[in-house]
Participant: 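One structure is given below, represented as structure tokens, and several questions about it will come after.
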Amino acid sequence: MAPIAFVCAMPMELRPLTKRLGLRPTRLGDGPGREGSLDGRDVVAIVTGMGTELAAAGMARLLDAVTPERVVVVGITGAVEDETPIGALVLPERVVDGASGREHRHELLGPGTTHGVMWTTDRITPADELPALRAQGVVSLDMETAAIARACEEREVPWTVFRAISDRATDGSVDEEVFRLSNQDGTPNPRAVARYVLRHPGRLSGMVRMGKGAKLATERAAEAAIAAVRAG
């Protein structure tokens with residue numbers, strides 16, 4: 001039977017899956033991956049890196065190496081409303097590529113109800129653009145899902161997404177400077193973090209809070225994805 005493939009953008013998003021499923025290091029194509037099982041079903045997992053370009057390249061590597069039964073996107077996303085709780089699960093009805101406008105219809109795996117639009121973009125969205133996005137039904141922002149969905153659809157592989165809220169676009173916690181505290185592969189950049197803290201010592205508590213929110217979101221997303229695979 002073909003494996004289920006979990007796809008994450010950053011190592012921190014894969015960590016809860018690795019811990020819960022006991023995933024082991026492996027090779028997928030010419031790059032690293034993970035493998036294991038979930039209730040007797042084979043699973044594989046990869047980290048693509050951040051942004052649509054790396055997501056597309058990572059999916060090409062994955063789909064050239066295996067033909068999965070389904071791709072399950074797991075990770076974090078940013079809310080566009082102040083009221084959205086940190087850790088809330090987002091199950092979008094549609095995923096839209098903000099650059100091209102291309103839409104991808106989301107077919108949910110397992111129980112639940114889809115709602116709203118997940119907007120994929122490679123840039124930090126300014127606050128003055130949020131009202132127009134809300135008017136289009138956008139509930140959250142991410143940087144990879146539309147590219148992953150497109151790769152799956154081109155290969156006729158079913159896909160689904162489980163992302164949870166780690167921050168809010170309205171609170172200013174993630175700007176270009178904060179975004180560059182991570183490398184493109186999703187790993188932290190220690191030197192950039194150290195420089196940031198020296199320049200903005202008053203923001204340290206906010207960074208700690210953001211880190212806790214991201215950890216909660218990755219755990220919620222992983223839990224939901226695993227439960228959905230079991231139910232599906």
Side-chain angles (χ1 to χ4, degrees), residues 3-26 28 31-36 38 43-59 61-62 68 70-79 84-92 95 106 109-110 118-122 140-149 151-152 159-169 173-174 178-189 193 207 209-229:
I4 296 290
F6 292 108
V7 176
C8 303
M10 299 182 287
M12 65 175 290
E13 295 170 326
L14 180 58
R15 199 168 295 127
L17 290 169
T18 299
K19 183 177 180 180
R20 285 166 171 76
L21 301 179
L23 301 180
R24 305 174 300 276
T26 190
L28 288 171
R34 294 272 174 171
E35 64 179 358
L38 172 54
V43 302
V44 295
I46 64 164
V47 172
T48 63
M50 296 162 52
T52 55
E53 184 175 344
L54 290 181
M59 287 303 298
R61 174 167 68 88
L62 170 68
R70 179 181 294 269
V71 164
V72 182
V73 185
V74 185
I76 63 176
T77 185
T84 308
I86 300 299
L89 190 64
V90 177
L91 305 174
V95 175
H106 180 212
L109 177 66
M118 182 174 290
W119 188 266
T120 297
T121 176
D122 282 313
S140 75
L141 310 171
D142 91 305
M143 301 182 70
E144 299 84 24
T145 304
I148 296 169
C152 288
W159 64 276
T160 190
V161 56
F162 295 89
R163 289 187 180 269
I165 299 297
S166 62
D167 60 273
R168 304 180 185 93
S173 60
V174 180
V178 170
F179 176 70
R180 299 189 187 284
L181 299 182
S182 295
N183 300 310
Q184 279 298 102
D185 64 2
T187 59
N189 184 328
V193 172
M207 290 182 64
R209 184 169 58 252
M210 187 167 59
K212 290 180 178 178
K215 184 175 186 295
L216 173 63
T218 60
E219 291 172 349
R220 291 277 175 83
E223 290 168 0
I226 291 170
V229 171

Participant: With rounding to the nearest 0.5 Å, note down the distance linking CE in Met118 to CG in Asp142.
Facilitator: 5.5 Å
Participant: So do the side chains of Val44 and Thr26 get within less than 4.5 Å of each other, counting heavy atoms only?
Facilitator: no
Participant: For Leu23 and Arg34, which heavy atoms make the closest approach, and how far apart are they?
Facilitator: O-NH1, 3.2 Å
Participant: Would you compute the distance between atom CD of Glu53 and atom CE of Met143 and round it to the nearest 0.5 angstrom?
Facilitator: 11.5 Å
Participant: Could you pull out the closest heavy-atom pair between Arg70 and Trp159, with the gap in Å?
Facilitator: NH1-O, 3.7 Å
Participant: To the nearest 0.5 Å, what is the distance between OG1 on Thr121 and CG on Leu141?
Facilitator: 7.5 Å
Participant: Tell me the closest heavy-atom pair linking Ala164 and Arg220, and the distance in Å.
Facilitator: CB-CB, 4.1 Å
Participant: Of all residues at least two apart in sequence or in a different chain, which pass the side-chain hydrogen bond (donor to acceptor under 3.5 Å, both in side chains) check with Arg61?
Facilitator: none
Participant: Which atom names give the shortest non-hydrogen contact between Cys8 and Leu17, and what distance separates them?
Facilitator: SG-CD1, 4.1 Å
Participant: How about Ile148 and Thr120: do any of their side-chain heavy atoms sit closer than 4.5 Å?
Facilitator: no
Participant: Look only at the side chain of Glu144 and the backbone of Thr52, and say whether a donor-acceptor pair between them is shorter than 3.5 Å.
Facilitator: no
Participant: Would you give the length of the straight line joining atom CG of Leu62 to atom CD1 of Ile46, rounded to the nearest 0.5 angstrom?
Facilitator: 4.5 Å
Participant: Using 0.5 Å steps for rounding, measure from the NZ atom of Lys215 to the CZ atom of Arg15.
Facilitator: 9.5 Å
Participant: Does any donor atom in the side chain of Arg163 or Ser140 lie under 3.5 Å from an acceptor atom in the other side chain?
Facilitator: no
Participant: Do the side chains of Phe162 and Val73 get nearer than 4.5 Å, heavy atoms only?
Facilitator: no
Participant: Check for a donor-acceptor pair, side chain of Glu13 on one end and backbone N or O of Ile76 on the other, with a separation under 3.5 Å.
Facilitator: yes
Participant: Compare every heavy atom of Ala147 with every heavy atom of Ala56, then report the nearest pair and how far apart it is.
Facilitator: N-CB, 4.3 Å
Participant: Under 3.5 Å, is there a donor-acceptor pair between the side chain of Arg20 and the main chain of Glu223?
Facilitator: no
Participant: Roughly how far, to the nearest 0.5 Å, is the CD1 atom of Ile4 from the CD1 atom of Ile226?
Facilitator: 12.0 Å
Participant: If you take all heavy atoms of Leu216 and Ile86, which pair is closest and at what distance?
Facilitator: CD2-O, 3.7 Å
Participant: With a 4.5 Å limit on heavy-atom distance, are the side chains of Ile165 and Thr77 in contact?
Facilitator: yes
